[in-house]
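The next block holds one structure in the form of structure tokens; read it before the comments.
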Amino acid sequence: MSHLSEERKEALLRKYGSNTANASGGPAGGPGFGPGGRRPGGPGGPGGMSGGKPKNIYTVIKRLLAYIGSDKVKILFVFACVLGSTLTNLCGSYILRPIINNLVDADRSAEEKVVNLLTGIVTMAGIYFVGIICAYLQQRIMIDVSQNALVKIRKELFGRIQKLPVKYHDTHTHGDVMSRFTNDLDSVGEMLNNTLSQVFSGVVAMIGTIILMFITNWILAIVTIVTVPALIYVAGTIGKQSRKYYKGQQQALGAVNGYIEETVTGQKVVKVFCHEETTSEEFGFLSDDLCSKQIKAQFFGGIMWPVMGNLSQISYALSATVGGILCLTSNFDIGGLTIFTSYSRQFSRPINELSQQVNTIFAALAGAERVFEVMDETPEAADPAEAIHICSEADIVEGAQSIKGEVSLREVTFGYVPDKTILKQVSVTAEPGQKIAFVGSTGAGKTTITNLINRFYEIKEGRITIDGIDIKKIRKDSLRGNIAMVLQDTHLFSGTVRENIRYGRLDATDEEVIVAAKIANAHFFIERLSDSYDTVLDGDGANLSQGQRQLLNIARAAISKAPILILDEATSSVDTRTEKHIEQGMDRLMKNRTTFVIAHRLSTVRNSNRIIVLEHGEVVEQGTHEELLAMNGRYHQLYTGAVELD
């Protein structure tokens with residue numbers, strides 16, 4: 001039995017089941033906690049999915065069809081094949097009429113009946129063979145069309161993810177984003193593979209069947225068509241409920257994926273704090289929520305076929321009864337009655353087939369809407385046409401303005417959400433080559449400053465300049481390309497050690513990779529690896545120690561040649577001995593670079609040119625280590641342990 005309180009259940013659904021950022025904005029200026037661990041300086045709390053049914057189902061369909069527009073010729077050919085397959089099926093059924101009438105004709109001899117029967121069978125076989133070929137070509141080509149469309153959607157979705165601001169990733173779980181790439185796109189692909197051709201086939205079959213029914217007997221045709229409104233009403237009613245519950249199912253599935261991704265990533269933390277049972281209960285609650293929504297979605301999707309099938313049986317029985325009466329009271333032939341009852345079944349079959357596809361259709365539309373939600377997210381603001389390129393004096397680039405690395409913040413005020421200010425009138429200047437350290441309590445705004453320098457977020461008031469140039473006038477890619485960052489949370493990609501170091505500058509030579517590794521003090525341990533620089537790393541460098549991963553991150557920053565360097569608590573998660581190796585690497589890395597250091601260990605910032613003490617988003621003290629100690633103020637309290645960094 002679950003011990004989760006109703007408040008906690010509501011919190012879980014709110015955290016993983018809504019697309020709204022945490023209104024609190026996360027710890028004030030400190031790390032926001034996303035699914036993959038800490039995220040520097042962003043609003044805390046992941047987002048998930050939006051609720052409710054698709055806002056405009058027709059808009060979603062229109063957007064999906066746009067992705068197959070470039071394959072118009074193939075689609076036309078598919079429709080031709082569908083038309084051929086459907087017409088051959090209808091014609092094949094109609095041939096039964098003369099065959100049956102021939103067999104019951106008392107005026108014909110047995111030989112004539114056999115000849116006519118064999119002729120009819122051969123003709124039907126030829127017609128149905130053509131139908132089989134058309135059906136094969138239809139399916140084969142439609143798969144090609146749907147996969148081409150999926151490639152376009154997937155590329156566009158991934159491209160949009162790359163263009164979204166850091167704020168989006170700070171407020172959405174990795175698991176939910178991944179669910180849109182996998183579950184949602186899979187459901188879209190399943191629909192494109194089958195449903196488009198089946199809809200066209202169903203429409204053609206219905207029109208063709210109606211025409212042939214009127215040709216066969218107009219009275220029976222009217223009797224059959226009278227039941228159509230009931231079929232459409234039932235299908236629409238069930239489909240409306242199904243659409244609602246399939247949307248909920250997709251949302252719940254994204255929530256479960258997000259929780260799994262977050263929990264598996266932080267499994268060590270879960271075990272350290274003995275939260276296995278609580279985590280299992282929370283997952284059980286989210287899983288049960290998914291289960292209940294899947295049951296409702298599958299129920300309404302599943303009952304469509306038997307309900308529609310039984311209604312069509314009523315229509316079939318009614319047609320057979322009236323047809324039998326007509327055969328007895330008029331000149332209506334047995335062959336006509338036989339094929340009409342066949343058409344009566346065929347008439348309801350397209351509706352039944354479409355009802356069977358309702359699961360796929362509404363799951364796909366729900367998934368497509370979630371994909372389009374990401375595509376419709378506002379990307380980072382485009383750079384103005386007059387935005388300039390910058391480069392370091394050591395790496396002159398044609399057409400770019402060289403910089404020395406002077407960084408200045410002038411009366412900067414900022415908050416992640418409008419009603420909560422993180423930084424208040426902060427002014428700091430770093431001369432080229434200086435080392436500036438930020439210290440203060442968690443949430444004081446240290447990491448927020450580095451986020452603003454990179455323009456991960458835009459400042460509300462004030463101005464940030466590099467060599468006197470407002471960073472808003474610098475191209476974002478150029479700005480960030482000239483700022484190297486070493487974060488506390490290391491991330492290494494699948495590939496070799498050499499490739500991971502080269503990620504800092506993709507055109508770097510092998511010799512430059514080795515030089516960067518030596519600067520970072522990483523060369524000595526890389527040489528001891530099984531394949532040296534060609535050693536393939538496990539997931540996120542799992543076959544390396546935390547310190548070794550951090551040294552590779554430093555090497556990655558070293559190879560970038562960026563004149564500005566940001567070190568965000570880069571040594572806080574390693575032991576003292578490893579810290580010395582890392583600090584040696586960082587000292588080499590900081591040489592001739594303007595450096596901003598954020599550290600909880602105050603011993604690591606003693607040699608800084610200036611130490612900035614932040615509290616509640618304001619600069620309360622600044623100076624050298626000795627000057628601040630002499631002030632006998634906040635820094636002195638922090639350094640001597642009179643108060644602790646929290």
Side-chain angles (χ1 to χ4, degrees), residues 390 392-394 402-412 423 425-441 444-454 462-469 471 482-488 519-521 554 557-558 560-572 579-580 582-615 617-640 645:
I390 60 174
S392 67
E393 292 184 329
S402 63
I403 60 170
K404 297 179 179 179
E406 179 193 67
V407 181
S408 178
L409 286 78
R410 302 175 186 174
E411 299 184 345
V412 172
L423 298 178
Q425 299 291 310
V426 172
S427 295
V428 176
T429 298
E431 299 295 335
Q434 280 191 334
K435 177 181 177 182
I436 306 297
F438 294 107
V439 300
S441 303
K446 305 183 296 295
T447 300
T448 298
I449 291 177
T450 63
N451 281 340
L452 297 180
I453 293 174
N454 276 283
R463 192 164 176 249
I464 301 177
T465 63
I466 296 179
D467 280 27
I469 307 170
I471 60 173
N482 284 275
I483 301 174
M485 293 189 72
V486 180
L487 305 175
Q488 175 187 359
I519 291 174
N521 213 17
I554 295 172
S560 70
K561 295 184 179 180
I564 301 170
L565 177 65
I566 295 175
L567 305 174
D568 192 349
E569 302 184 40
T571 63
S572 63
E579 181 182 10
K580 291 181 179 179
I582 294 177
E583 286 182 352
Q584 290 173 3
M586 290 195 299
D587 287 340
R588 298 192 190 100
L589 180 61
M590 289 185 286
K591 188 176 181 181
N592 300 323
R593 298 178 193 240
T594 304
T595 305
F596 294 95
V597 179
I598 298 173
H600 272 115
R601 297 179 183 176
L602 298 186
S603 59
T604 63
V605 300
R606 293 181 56 179
N607 62 343
S608 300
N609 297 102
R610 193 180 318 114
I611 299 172
I612 311 296
V613 184
L614 291 168
E615 289 300 332
E618 296 181 286
V619 177
V620 295
E621 294 175 358
Q622 60 177 306
T624 64
H625 172 71
E626 291 75 15
E627 290 171 347
L628 291 176
L629 286 180
M631 290 181 187
N632 200 29
R634 180 66 174 174
Y635 182 81
H636 182 275
Q637 294 175 332
L638 294 172
Y639 189 78
T640 58
L645 286 169

State, to 0.1 Å, how close [X] and [Y] come at their nearest heavy-atom pair, and which atoms those are.
{"X": "Asp467", "Y": "Gly405", "answer": "OD1-N, 3.1 Å"}
{"X": "Ala444", "Y": "Leu614", "answer": "CB-O, 3.4 Å"}
{"X": "Ile390", "Y": "Ile403", "answer": "CD1-CD1, 3.8 Å"}
{"X": "His636", "Y": "Asn632", "answer": "ND1-OD1, 3.1 Å"}
{"X": "Ser408", "Y": "Thr429", "answer": "OG-OG1, 3.3 Å"}
{"X": "Asn607", "Y": "Lys435", "answer": "OD1-NZ, 2.8 Å"}

With distance as the sole test, does [X] use its side chain to make a donor-acceptor pair with the main-chain N or O of [Y] at under 3.5 Å?
{"X": "Thr624", "Y": "Arg610", "answer": "no"}
{"X": "Gln434", "Y": "Glu431", "answer": "yes"}
{"X": "Asn482", "Y": "Ala562", "answer": "no"}

message: Are the side chains of Arg410 and Thr465 in contact, using a 4.5 Å heavy-atom criterion?
response: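 They are in contact (side-chain heavy atoms under 4.5 Å apart), so the answer is yes.
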message: Just so I know, are the side chains of Asp568 and Val486 near enough to count as touching, which here means a heavy-atom distance under 4.5 Å?
response: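 A side-chain contact under 4.5 Å is absent here.
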task: Please say which of Ile612, Val620, Val439 ends up in a side-chain contact (heavy atoms from CB on, under 4.5 Å) with Tyr635.
output: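 Result for side-chain contact (heavy atoms from CB on, under 4.5 Å) with Tyr635: Val439.
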field: Criterion side-chain contact (heavy atoms from CB on, under 4.5 Å) against Ile449, the qualifying member of Val426, Val412, Ile598
entry: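 Looking at Val426, Val412, Ile598, the match for Ile449 under the side-chain contact (heavy atoms from CB on, under 4.5 Å) is Val426.
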Give, for atom [atom1] of [X] and atom [atom2] of [Y], the distance between the pair rounded to the nearest 0.5 Å.
{"X": "Leu565", "Y": "Thr594", "atom1": "CG", "atom2": "OG1", "value": "9.5 Å"}
{"X": "His625", "Y": "Asn609", "atom1": "NE2", "atom2": "CG", "value": "14.0 Å"}
{"X": "Ile464", "Y": "Ile471", "atom1": "CD1", "atom2": "CD1", "value": "4.0 Å"}
{"X": "Thr595", "Y": "Ile566", "atom1": "OG1", "atom2": "CD1", "value": "9.5 Å"}
{"X": "Arg593", "Y": "Ile564", "atom1": "CZ", "atom2": "CD1", "value": "10.5 Å"}
{"X": "Ile519", "Y": "Met590", "atom1": "CD1", "atom2": "CE", "value": "12.5 Å"}

message: Would you call the rings of Phe438 and Phe596 parallel, tilted or perpendicular, taking 30° and 60° as the class edges?
response: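 The rings of Phe438 and Phe596 lie parallel, inter-plane angle below 30°.
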- prompt: With no hydrogens and no angle check, do the side chains of Arg634 and Ser441 hold a donor and an acceptor under 3.5 Å apart?
  reply: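 There is such a pair (donor and acceptor under 3.5 Å, judged by atom type) between the side chains of Arg634 and Ser441.
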